[in-house]
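Residue numbers start from 1 in every chain, and the chains themselves are labelled A, B, ... in the order their sequence lines are given, proteins ahead of strands.
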Amino acid sequence: MNLDLEELAAIIEQLDKTEFTDFRYEKGDLRLHVRRGGQFDEQPAAQSTAAAAPAMSAAPAMSAAPAAAPVPAQVAAPAAAPAAGLDPNNLPAGHVAITSPMLGTYYGAPKPGEPRFAALGDSVEADSVLCIVEVMKLMNSVTAGSTGEIAAVFVADGDLVEFGQTLFALKVAA
Amino acid sequence: MTERIFIANRGEIAVRIIEACDRLGFETVLGVSSADRQTLGARRATRTVVIGGPRPTDSYLNADAVLQAAISTGCTALHPGYGFLSENPDFATKCAENGIVFIGPSPEALRALGDKLTARALAESVGVPVSAGGTATSAAEVHELAESIGYPVLVKAAHGGGGRGMKLVESAADLEEAWSLASSEAESAFGNGTVFLERFVTDAKHVEVQILGDRHGNRIHLGERECSVQFRYQKVVEEAPCAALPEETRTLLHASALKIAVALDYVGLGTVEFLYDVDRDELAFLEVNPRVQVEHPVTEAVTGVDLVREQILATLGHPLEITQDDVLLAGHAIECRITAQDPDKALAPSPGRVTRWRPSVAGGTRLDTHIYEGYLFPPYYDALMGKQIVWAADRDSAIKRMEGVLETFLIEGLKTSLPLLRRIMAHPDYRSNAVTTHWLNHELAQEVR
């Protein structure tokens, strides 16, 4: 199934009238992903982690732009630059990986439109909440576990995160 | 629309389901524990997601994580395999509530079958033979019931399985203690302490009928299997058909299974289990397993029907493509379960690294397995490594064929049940088809002495 520009514009117009932060539509080969807030990614978890972060660091206060027009996401061509040069599976000395304690949906803010728990460069304490992972409508907080500075954010709101997947890199306080 | 099937299981059955989906052109998403990232299934699925830690309660039994994974990956249906969440009516209900087709019977059928007393009552109500038994509330009633059944009797958990919460009682003196012990065991293991009494049949064969139903009222059976070679209620060798059945009894067996399928408006694959008392030529209903069985390949071998394919299509709403008349049984098939268990230590689990894995190269045999050379067999799950299946024109030829195949099967790095399987194939009792369900327990006990 193909979608021309006019149809796409119509869909976005409809979406603009509704309350949503993330919209996914799949039919046959067509995959449409629209997200409010100005950044996007759509990749299997293993590859998306690195790609998601630059968008995050470029728009650390994504909740500050709640009225941003929906952006149709490109499915297969995410920005290739790694997050601040950090590889989630091979962090340099002095950094620790903060991993997801469960499979679920990642959210960096308590609610859409509210300030993020933590952003790139933030100093956090061991008990600071960094994000929530939702499993079947149950919200689970993920804490930093150590004192330090957020050196990278590898996932984006709405992403499926797997058990043990690296969500953040934390530069541990000396 | 391309179907995308979430596979909520592991091991050989996950590979088997992926195979069926591949042949149907369906995409697969396999949910694995963090200990199972390197399995054959994880390599073969379209996509793999890690749903939790190694312990089953954190991953394969974690209903919320499994369901969330299926939803988030855009799956249209979920195959629960066997064990884990496959017989859980609440999980099946949750799948339906979230728009995911549960590849199994209805939650109502699962609920009815999960309670063995209800299942017994259902069987009785449609005229299917059940063994003498029942339940009672007061001690006096229990004694009365046991007397009417006749000792020895078996105390069984209504919500149990796999031999847990089961007690053999030889005389009235031990009855009350066994009854309360079984009840508290059942309470802790299954969260329900309901127990009941059944006559203990000392010499019976385990026979079971494969049933298949769709959402359009079509139901068929695909003949029977015999699974009498068991160790502590775990099946070790299975075959199809049951060569010991007189034709009249076989007809009754199949008709009984179909009656139960009709009464439950059964959808998908199911197995109706019976005990067959050879001397009395009597059948007694045991229970229904509402899922694909480990031993389904022997039925596939004698019918030529891909059962997992039919199960998936039927639950997705397709009418059955085969009728009862299309089901033709040919020849004899045997399956041996190769497990990571040490036959010299009462089949104690023996996980470890598989340093050598050299199956037989004989043609025309089937091996369902998730093992490859170098695979680290984990200690968290059941011991099944693979299922060797052979087919031949008759039982004797099939045994010979299996002997040849097992003889050249080479596994190194851990202890396996291969030596035991070879001994069973060579044993005169097995070859003469005299084996009943307690045979292997006795054989192994004698060897230890």
> Within a reach of under 6.0 Å around OH of B/Tyr375, are more than 12 heavy atoms found that belong to other residues, nucleotides or ligands?
Replying inline: yes
> Is a donor on one side and an acceptor on the other found under 3.5 Å between the side chain of B/Gln68 and the backbone of A/Met136?
Replying inline: yes
> If you tally heavy-atom pairs under 4.5 Å against chain A, which of B/Ala65, B/Ala63, B/Ser59, B/Gly53 wins?
Replying inline: B/Gly53
>> Need one label for B/Asn98: side chain, backbone, both or neither, based on atoms under 4.5 Å from any heavy atom in chain A.
In response: side chain
>> Within the 4.5 Å heavy-atom criterion, are A/Phe163 and B/Val50 side-chain neighbours or not?
In response: yes
>> With rounding to the nearest 0.5 angstrom, report the CG to CE distance, B/Asp58 to A/Met102.
In response: 10.0 Å
>> Please determine whether the number of non-hydrogen atoms from other residues, nucleotides or ligands lying under 6.0 Å from atom CZ of B/Arg215 exceeds 12.
In response: yes
> To the nearest 0.5 Å, what is the distance between OG (B/Ser72) and CD (A/Glu162)?
Replying inline: 10.5 Å
